[in-house]
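Working notes, structure below.
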Amino acid sequence: MTTPTNFDRIYALIRRIPIGKVASYGQIARWLGWPRGARTVGWALRALTDDAGDVPWHRVINSQGRISLDAEGTRIQRELLEAEGVTFDSAGRIDLKTYAWVGPAPWETADEP
DNA sequence: CAAGTGACGTAGA
DNA sequence: GTCTACGCCACTT
């Protein structure tokens, strides 16, 4: 790290994604205040890997429930997610209806209904 | 300051 | 279902 940037905010948010859930780039961008800054999120993740040992980057996917990485990265991400209980369909996609994170909601720390 | 870049998103063909 | 084109924002050089 060189100088603190909004990237830190991205990482912090990704760290809050619960196990077994996934979020899309655009979704994260909106929570951070950039309605259309999905690319910036991807950029942050791209720059990550370096010092992001504790950032669950594999929980971030695109709006189609697909992985935008190359074959190698996709394979790794898939394994990491499957290890958390996330399942993929034949097309290698994730069921967003089941695994999409709703966002940093209060019930995250509250009791269930 | 300007240009280039990027793991996206959406719309249209 | 696929592919193409443009727009968006933040970071680096």
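Side-chain atoms are counted along with the backbone in the values below, which use heavy atoms only and exclude waters and symmetry mates. The structure displayed is predicted, hence computed values, not measured ones. Chain letters run A, B, ... following the sequence lines, proteins first and then strands; every chain starts at 1.
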Original post:
Is A/His58 close to A/Ile76 at the side-chain level, that is, under 4.5 Å between some pair of heavy atoms?
Top reply: no
Original post:
If you measure from the Lys or Arg side-chain nitrogens to the Asp or Glu carboxylate oxygens, is any gap between A/Lys21 and A/Glu84 under 4.0 Å?
Top reply: no
Original post:
Hey, what do you get for CZ (A/Arg75) to CG (A/Asp70), rounding to the nearest 0.5 Å?
Top reply: 10.0 Å
**OP:** By nearest nucleotide on DNA chain B, pick out whichever of A/Ala38 and A/Trp43 is the more 5' one.
**Re:** A/Trp43
Original post:
Under a 4.0 Å heavy-atom cut-off, which of residues 26-33 of chain A touch DNA chain B?
Top reply: A/Gly26, A/Arg30
**OP:** Would you mind reading off the distance between A/Leu45 atom CG and C/dC11 atom P, rounded to a whole angstrom?
**Re:** 14 Å
**OP:** Compare the minimum distances between each of C/dC8, C/dA10, B/dC8 and the side chain of A/Arg36, then state the nucleotide with the smallest one.
**Re:** C/dC8
**OP:** Mind calculating the distance between CH2 (A/Trp34) and C1' (C/dA10) to the nearest angstrom?
**Re:** 7 Å
Original post:
Once you round it to whole Å, what is the distance between P of B/dC8 and CD1 of A/Ile10?
Top reply: 13 Å
Original post:
Hey, are the side chains of A/Val22 and A/Val60 touching, using non-hydrogen atoms and a 4.5 Å cut-off?
Top reply: no
Subject >> Check: A/Asp95 and A/Asp89 side chains under 4.5 Å, non-hydrogen atoms >> reply: no
**OP:** Please confirm whether any donor atom in the side chain of A/Arg39 sits under 3.5 Å from an acceptor in the base of C/dG7, or the reverse.
**Re:** yes
Original post:
Does atom CZ of A/Arg36 have more than 12 heavy-atom neighbours, drawn from other residues, nucleotides or ligands, at distances under 6.0 Å?
Top reply: no
Original post:
Roughly how far, to the nearest 0.5 Å, is CD1 of A/Ile61 from CG of A/Leu69?
Top reply: 11.5 Å
**OP:** Write down the distance between OH (A/Tyr11) and P (C/dA10), rounded to a whole number of angstrom.
**Re:** 15 Å
**OP:** Residues of residues 63-80 of chain A with any non-hydrogen atom less than 4.0 angstrom from an atom of DNA chain B: list those, numerically ordered, please.
**Re:** A/Ser63, A/Ser68, A/Leu69
Subject >> Test side chain to side chain contact (heavy atoms under 4.5 Å, CB included) applied to A/Val41 and A/Trp31, A/Phe7, A/Tyr25, the passing residue >> reply: A/Tyr25
Subject >> Axial cation check for A/Phe88 ring with A/Arg93, 6.0 Å and 45° limits >> reply: no
Subject >> Flag side-chain contact, heavy atom, 4.5 Å: A/Leu80 against A/Trp57 >> reply: yes
Original post:
Can you check side chain to side chain donor-acceptor pair (under 3.5 Å) on A/Asn62 and A/Ser24, steps first, answer last?
Top reply: CA-CA 5 Å; A/Asn62 63 21; A/Ser24 71; over 6 Å; no
Subject >> Those residues of residues 85-95 of chain A lying under 4.0 Å from DNA chain B by at least one heavy atom >> reply: none
